[in-house]
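Below, each value reflects all heavy atoms present in this structure, side chains not excepted, and no hydrogens, waters or symmetry copies.
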Amino acid sequence: MLFARFVPRREWDDRMDSDRRKFLKTLAATGAVAVLPEARWLSAVGAESKPAGSLDFVFFTDTHIQPELDAAHGCAMAFAKIEAAKPDFAICGGDLVYDVLAVGRTRADVLFDLYQRTEDRLKVPLHHTIGNHDLFGVLTKSGVAPTDPGYGKKMYEDRIGGRTYYSFDHKGYHFIVLDSVSPTPDRFWEGRIDDAQLHWLSDDLGRIEAQAPVVVITHVPLITGYLAYGPKPDGTPRYDTVSVANSSEVIALFEGRNILAVLQGHLHINELVNYKNCQYVCCGAVCGNWWHGPRLAFPEGYTLVSLRDGKISWRYETYGFKSVDPREKF
């Protein structure tokens with residue numbers, strides 16, 4: 001997507017510095033430096049705009065990596081197939097690890113170390129989204145105090161890098177990565193875009209031309225039909241953990257914008273909901289049914305996305321993983 005003004009180099013550098021690990025990895029990948037020159041086309045109103053080009057990228061989500069269940073091998077298989085597709089870049093849709101919500105620092109470090117070692121094999125520019133299982137020590141049974149320096153999102157920020165929501169541009173398209181998980185005062189979490197992020201999103205969209213093509217990424221879905229056919233939560237949940245509780249506030253900001261699609265994770269299903277000329281897509285899971293085989297008949301996989309002349313299409317790809325414990329788990 002195209003900014004409505006020129007982006008100064010210092011502001012661009014601040015964005016990159018906010019995610020140092022991702023920045024360094026992106027620079028190391030072929031063609032990644034094209035992201036910075038792209039900014040000169042994010043021009044002021046009335047100036048020439050770069051037309052949307054052609055590119056392929058991969059959206060993979062819910063890796064849920066762990067030492068058990070051959071999960072690291074499964075992730076490595078998926079990453080090898082993703083790299084072989086030679087995408088312009090990849091975006092991880094959250095839930096990198098399983099699970100740091102309810103464990104102490106020793107286990108959390110093991111999980112993030114394992115994810116980073118496995119991810120290092122994926123030699124393409126890579127962007128990340130935070131998921132609910134990436135929040136450290138939030139549940140009281142973790143034994144972690146809220147004063148711990150890694151508590152909540154801080155461990156993810158330190159280990160994976162930088163801000164949990166951000167945007168970037170590539171070949172005439174604007175990509176927005178949202179942080180859709182919000183810890184609650186009583187040490188749980190819900191799907192929510194907080195007020196500070198809503199203000200940022202409004203500002204970010206306001207800087208681009210109305211017709212510029214946008215792709216939005218979120219871990220927790222903004223819109224889904226899952227509750228109509230998926231397993232129902234027990235009792236009356238305190239919080240919305242299936243979708244974003246204040247999704248209407250987010251969607252209102254999309255009005256008058258060219259949102260090509262919202263790519264979503266979290267539910268481990270493939271689903272398409274069309275709402276107000278926007279496509280809300282749940283994109284399966286690398287881990288399938290938490291490494292226990294397919295989830296509601298949706299196998300382990302990732303999504304290959306094609307952008308051509310301002311239009312979007314996608315297909316779901318499996319990668320041949322066979323569960324060592326193929327039993328139902330919901």
Taking only distance into account, with no hydrogens and no angle test, what donor-acceptor pairs under 3.5 Å do side-chain atoms of residues 274-286 form with protein atoms, sequence neighbours excluded?
| from | atom 1 | to | atom 2 | distance (Å) |
| --- | --- | --- | --- | --- |
| Lys276 | NZ | Glu255 | OE2 | 3.3 |
| Gln279 | NE2 | Leu260 | O | 3.4 |

Checking Asp134, Asp179, Thr164 against Lys153 for side-chain hydrogen bond (donor to acceptor under 3.5 Å, both in side chains), the one that qualifies is Asp179
Residue pairs passing the ring-ring contact (aromatic ring centres under 6.0 Å, His included) test with at least one member in residues 181-205, sequence neighbours excluded, are Tyr165-Trp200, Trp189-His266
Those residues at least two apart in sequence (or on a different chain) that pass side chain to side chain contact (heavy atoms under 4.5 Å, CB included) with Arg107 are Gln66, Pro67, Glu68, Val103, Leu111
Is any NZ, NE, NH1 or NH2 atom of the basic residue among Arg159 and Asp113 found under 4.0 Å from an Asp or Glu carboxylate oxygen of the other? yes
Identify all side-chain donor-acceptor contacts of residues 229-236 below 3.5 Å with residues at least two apart in sequence or on another chain.
| from | atom 1 | to | atom 2 | distance (Å) |
| --- | --- | --- | --- | --- |
| Tyr229 | OH | Glu271 | OE2 | 2.6 |
| Lys232 | NZ | Leu227 | O | 3.1 |
| Lys232 | NZ | Gly230 | O | 3.2 |

Partner of Asp56 under salt bridge (charged side-chain N to carboxylate O under 4.0 Å, His left out), chosen from Lys86, Lys171, Arg308: Arg308
Side chains of Tyr319 and Phe60: does their closest heavy-atom pair fall under 4.5 Å? no
Listed by chain and number, what are the salt bridge (Lys or Arg N to Asp or Glu O under 4.0 Å) partners of Lys154, not counting sequence neighbours? Asp158
Please find out if less than 6.0 Å separates the ring center of Phe57 from that of Phe175. yes
Qualifying ring-ring contact (aromatic ring centres under 6.0 Å, His included) pairs with a residue from residues 138-158, counting only residues at least two apart or across chains: none
With Tyr98, the ring-ring contact (aromatic ring centres under 6.0 Å, His included) member among His268, His292, His64: His64
Closest heavy-atom pair, Val220 versus Val242, reported as atoms and distance to 0.1 Å, is CG1-O, 3.8 Å
